[in-house]
Q: 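This is the structure I want to talk about, given as structure tokens.
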Amino acid sequence: MSKITVVYHSGYGHTAAVAKAVARGAASERGTEVQLISVTDIDKHWDTLDQADALIFGTPTYMGGVSAPFKTFMDASAKVWFVQGWKDKLAAGFTHSGSQNGDKFNTVTQLFTFAMQHGMIWTGLGLMPGNNTSKGSTNDLNRLGGFGGALTQSNNDQGAEAIPASDLKTAEALGARVARLALRMAREREPVAA
Ligand SMILES: Cc1cc2nc3c(=O)[nH]c(=O)nc-3n(C[C@H](O)[C@H](O)[C@H](O)COP(=O)(O)O)c2cc1C
């Protein structure tokens, strides 16, 4: 049994849809309990984060980095940082943006650095890049070709319904990967029968 919490911000619903896909992927691994928490509700949920085996962070890319509400959550977590309360939990991240590139790498780097400051163990995407050969297409998993986390994109003038299915499947794959690793770590914690 393991517990995974997806903590995200979304201004206009796109990252929220991706967060749901990450949670779906995590929940697909039997024995995994998943909570989805918006940073706007974080003050009711610090205990949930403390009890989780893994935290998956998600934010839109705004001005080449994490959104301001997500950064507010990061700064508020300093009280946890002081006691290294999340040390040795698994961490992972995802970000959504309007441009294909949009400087999402910088956002993932911010999420990674945040997790490192908390003493967490970063889980990358673990998928080969798609859509980068003559046989590939935008339907491929990891169509944007990132490694540090799940990168997703949709046009600025369209809603969350325009997020490609391949991006949502990529997000599901990240959630499932974190869930499998969390279950493996949970098994190792279980006492060995005499
Ligand atoms: C303040 C602001 C800054 C943005 N900066 C970027 C950016 O740096 N790169 C990019 O590709 N898109 C940028 N966008 C577009 C958003 O990433 C895009 O609209 C995304 O779908 C928003 O996700 P959300 O609906 O979860 O808030 C920006 C949007 C806003 C509102």
Side-chain angles (χ1 to χ4, degrees), residues 4-27 34-45 48-49 52 54-77 91-115 122-125 127 129-132 136-178:
I4 295 189
T5 301
V6 181
V7 188
Y8 72 96
H9 169 249
S10 183
Y12 305 92
H14 303 82
T15 313
V18 179
K20 279 187 196 148
V22 170
R24 209 162 44 238
V34 186
Q35 290 256 23
L36 198 55
I37 294 174
S38 163
V39 293
T40 53
D41 293 331
I42 197 67
D43 283 336
K44 288 182 262 170
H45 292 290
T48 310
L49 272 60
L55 303 179
I56 308 180
F57 304 117
T59 171
T61 291
Y62 285 175
M63 306 314 294
V66 302
S67 66
F70 196 87
K71 184 65 166 68
T72 299
F73 155 69
M74 287 166 70
D75 291 357
S77 78
F94 58 95
T95 187
H96 187 85
S97 77
S99 299
Q100 304 280 317
N101 178 312
D103 294 326
K104 284 191 283 296
F105 177 69
N106 188 55
T107 308
V108 171
T109 303
Q110 274 184 284
L111 296 176
F112 161 81
T113 305
F114 173 60
W122 189 256
T123 311
L125 182 59
L127 291 176
N131 192 27
N132 65 355
S137 83
T138 54
N139 296 324
D140 292 346
L141 273 183
N142 195 14
R143 74 175 172 106
L144 297 173
F147 291 94
L151 308 182
T152 60
Q153 174 274 337
S154 59
N155 295 328
N156 282 325
D157 60 350
Q158 291 183 289
E161 71 287 348
I163 301 172
S166 51
D167 286 10
L168 297 176
K169 285 195 187 121
T170 302
E172 285 179 19
L174 178 70
R177 182 173 205 223
V178 174

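Note that the structure is predicted; figures quoted are calculated from it, not measured. Just so you know, ligand 1 is whichever comes first in the structure, and atom 1 is the first atom listed for that ligand.
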Q: Does any pair with a residue in residues 158-171 pass salt bridge (charged side-chain N to carboxylate O under 4.0 Å, His left out), and if so which ones, sequence neighbours excluded?
A: R143-D167
Q: Hey, are the side chains of T15 and T59 touching, using non-hydrogen atoms and a 4.5 Å cut-off?
A: no
Q: List by chain and number: which residues place a heavy atom under 4.0 Å from ligand 1?
A: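 Within the 4.0 Å shell of ligand 1, which is judged on heavy atoms, sit S10, G11, Y12, G13, H14, T15, P60, T61, Y62, M63, G64, H96, S97, G98, S99, G102, N156.
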Q: State which residues pass salt bridge (charged side-chain N to carboxylate O under 4.0 Å, His left out) with D103; sequence neighbours excluded, sorted by chain then number.
A: none
Q: Go through the structure and list residues passing ring-ring contact (aromatic ring centres under 6.0 Å, His included) with F57, not counting sequence neighbours.
A: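 Residues passing ring-ring contact (aromatic ring centres under 6.0 Å, His included) with F57: F114.
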Q: To the nearest 0.5 Å, tell me how far T61 OG1 sits from F70 CZ.
A: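 Answer for the OG1-CZ pair, T61 versus F70, is 11.0 Å.
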Q: Can you tell me how far the OG1 atom of T152 sits from the NE2 atom of H14, to the nearest 0.5 Å?
A: 10.0 Å
